[in-house]
Visitor: 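Can you keep this structure in mind? I'll have questions shortly.
Quick caveat: nothing in here was measured; it's all calculated off a predicted structure. FYI, the numbering just counts along the sequence from 1.
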Amino acid sequence: MRNYFLLFCVVLLGACTQYQYITLDSNVYRPDQQSFVWENDTVRIRYVFSGYNCPLTIQVYNKMAQPLYVDWKKSAVVYGDGSRLSLWNDQMSVSSTTVGGTMRMGNIAINSAQTVGMIDKREQISFIPPDSYVSVRPLAIMSNFIKPLPQELKKRVPFGDEDGSKVDKYNFTPENTPFTFRCFLTLSTNDSFNNSIYIDQPFWVSEIMQTSMGPSSVLASDKMFYVNRTTTFGHIMGGVGTVAVVAGAVYLEAATEPGPPPPPHHRR
């Protein structure tokens with residue numbers, strides 16, 4: 001009985017989260033209909049957006065017989081409203097480990113520790129030798145739930161790997177898309193960047209599927225990412241639902257425990 005109750009609570013709490021699976025489109029050539037790839041005689045660039053909150057991965061491959069350089073500080077994601085997100089920031093991350101031990105002298109304990117670490121700062125300019133590539137994954141570029149969605153475009157369609165599951169699907173064109181951005185890159189064949197090459201590629205949302213199904217039920221794709229939000233019911237459950245689950249589990253635990261044995265029967 002208790003196991004069924006806990007399973008019901010897990011399902012109920014899971015329904016408190018809504019997901020949007022968002023597919024992007026572009027005029028960038030996609031050889032496998034999954035990846036965005038742009039190339040010329042000099043360079044091949046692959047754009048990947050798969051994951052949570054649109055984590056842009058850019059892979060730059062040097063096709064030339066001489067080095068190629070990418071200036072990430074002069075490269076950015078440019079949103080439809082004109083704001084931008086730089087693909088490089090002047091920050092350092094520190095990874096450290098503390099090791100130590102304790103030595104006892106009579107009743108006195110002496111502690112000693114040593115911290116070793118490494119300071120990592122992502123390069124502003126990437127050097128790419130001939131016939132090699134660099135892959136950079138900056139911060140997520142989109143985390144907002146897109147709303148409101150036009151009800152006249154809504155369709156119920158099968159989705160995911162669960163039999164019989166259906167979701168709300170919305171299709172968009174470049175003219176009525178709710179979200180658009182550009183990936184602007186600055187490259188050069190020398191580190192002084194006096195002969196810069198600029199590559200500016202647009203992307204837009206072409207499809208949104210809204211459901212309560214989690215990412216484990218959805219096939220990943222380079223051109224699709226997802227965002228989520230907690231529903232109003234979910235916020236309420238977050239405040240009182242956890243208490244109710246714990247209280248219910250405790251009640252069922254007490255109710256299912258065997259009581260004390262009956263008193264022995266005494267004959268007169």
Side-chain angles (χ1 to χ4, degrees), residues 22-80 82-97 116-143 179-205 215 219-227:
I22 301 173
T23 301
L24 297 172
D25 204 350
S26 176
N27 53 14
V28 178
Y29 175 62
R30 287 175 289 161
D32 58 0
Q33 297 302 309
Q34 292 294 327
S35 302
F36 296 109
V37 178
W38 182 92
E39 66 180 316
N40 57 15
D41 295 337
T42 301
V43 64
R44 179 170 66 246
I45 302 174
R46 183 185 178 196
Y47 306 86
V48 180
F49 302 93
S50 178
Y52 178 57
N53 285 352
C54 197
L56 169 62
T57 299
I58 299 177
Q59 183 186 92
V60 182
Y61 184 89
N62 181 11
K63 300 171 64 176
M64 301 183 299
Q66 66 183 84
L68 184 67
Y69 301 84
V70 183
D71 191 337
W72 299 107
K73 188 175 182 179
K74 295 180 181 178
S75 303
V77 171
V78 183
Y79 296 104
S83 60
R84 69 180 182 89
L85 175 66
S86 177
L87 298 186
W88 181 85
N89 55 60
D90 191 14
Q91 294 181 349
M92 293 184 295
S93 60
V94 180
S95 175
S96 63
T97 303
V116 294
M118 177 180 64
I119 297 178
D120 177 45
K121 185 173 181 179
R122 200 179 73 191
E123 58 189 6
Q124 173 187 335
I125 297 177
S126 289
F127 165 75
I128 312 176
D131 293 323
S132 68
Y133 70 89
V134 64
S135 183
V136 174
R137 181 169 181 164
L139 296 176
I141 66 173
M142 195 273 193
S143 60
F179 182 69
T180 182
F181 62 93
R182 297 163 21 228
C183 288
F184 181 86
L185 301 178
T186 300
L187 301 87
S188 178
T189 54
N190 58 64
D191 55 4
S192 62
F193 282 82
N194 54 17
N195 60 343
S196 296
I197 304 167
Y198 303 109
I199 299 175
D200 193 358
Q201 292 298 331
F203 297 89
W204 62 87
V205 170
L219 298 176
S221 168
D222 286 356
K223 60 179 180 176
M224 184 178 71
F225 65 97
Y226 72 94
V227 296

Visitor: Can you measure from SG (C54) to CZ (F225) and round to the nearest 0.5 angstrom?
Guide: 4.0 Å

Visitor: State, to 0.1 Å, how close S221 and S50 come at their nearest heavy-atom pair, and which atoms those are.
Guide: O-CB, 3.1 Å

Visitor: Are there over 12 heavy-atom neighbours, none belonging to K63, within less than 6.0 Å of that residue's NZ?
Guide: yes

Visitor: Please report the interatomic distance CD(Q201) to CG(N27), rounded to the nearest 0.5 Å.
Guide: 5.5 Å

Visitor: Could you walk me through whether L85 and F181 satisfy the side-chain contact (heavy atoms from CB on, under 4.5 Å) test, starting with their C-alpha distance in whole Å, then the side-chain angles of each, then the deciding distance to 0.1 Å, before giving a yes or no?
Guide: CA-CA 10 Å; L85 175 66; F181 62 93; over 6 Å; no

Visitor: Applying side-chain contact (heavy atoms from CB on, under 4.5 Å) to V70 and F127, what does each step give before you reach the verdict?
Guide: CA-CA 7 Å; V70 183; F127 165 75; over 6 Å; no

Visitor: Can you name the ring-ring contact (aromatic ring centres under 6.0 Å, His included) partners of F184, sequence neighbours left out?
Guide: Y198

Visitor: What's the separation between atom OG in S75 and atom CD1 in I58, rounded to the nearest 0.5 Å?
Guide: 7.5 Å

Visitor: Atom OG in S126, atom OH in Y69: separation rounded to 0.5 Å?
Guide: 11.5 Å

Visitor: Whether the S35 and D222 side chains hold a donor-acceptor pair (N or O, under 3.5 Å, no angle test) is what I'd like checked.
Guide: yes

Visitor: For P202, is there any backbone N or O sitting under 3.5 Å from a side-chain donor or acceptor partner on S26?
Guide: yes

Visitor: To the nearest 0.5 Å, what is the distance between CH2 (W38) and CG (L185)?
Guide: 9.5 Å

Visitor: Taking all atoms of both residues into account, what is the closest heavy-atom pair of N53 and V227, and its distance?
Guide: OD1-CG1, 3.6 Å

Visitor: Rounded to the nearest 0.5 Å, how far does OH of Y226 lie from CD1 of I22?
Guide: 12.0 Å

Visitor: Using a 6.0 Å cut-off, check whether atom CG of N40 has over 12 heavy atoms from anything other than its own residue.
Guide: yes

Visitor: The criterion is ring-ring contact (aromatic ring centres under 6.0 Å, His included); which residues satisfy it with F36, sequence neighbours excluded?
Guide: F49, F203

Visitor: Return yes if a side-chain donor-acceptor contact under 3.5 Å exists between N195 and T189, otherwise no.
Guide: yes

Visitor: Determine the minimum heavy-atom distance between S135 and T57, stating which atoms define it.
Guide: OG-CG2, 3.6 Å

Visitor: How far apart are the C-alpha atoms of L68 and Y61, what are their side-chain angles, what is the distance that settles it, and do they pass the side-chain contact (heavy atoms from CB on, under 4.5 Å) test?
Guide: CA-CA 9 Å; L68 184 67; Y61 184 89; over 6 Å; no

Visitor: Taking C-beta and beyond as the side chain, do D25 and R30 meet within less than 4.5 Å on heavy atoms?
Guide: yes

Visitor: Just do the side-chain contact (heavy atoms from CB on, under 4.5 Å) check on L187 and V43 with the steps written out, would you?
Guide: CA-CA 10 Å; L187 301 87; V43 64; 4.2 Å; yes

Visitor: Looking only at heavy atoms, what is the nearest atom pair of S192 and N190, with distance?
Guide: OG-OD1, 2.6 Å

Visitor: Locate the shortest heavy-atom distance separating R44 from V37; write the atom from each residue and the value.
Guide: CG-CG1, 3.7 Å

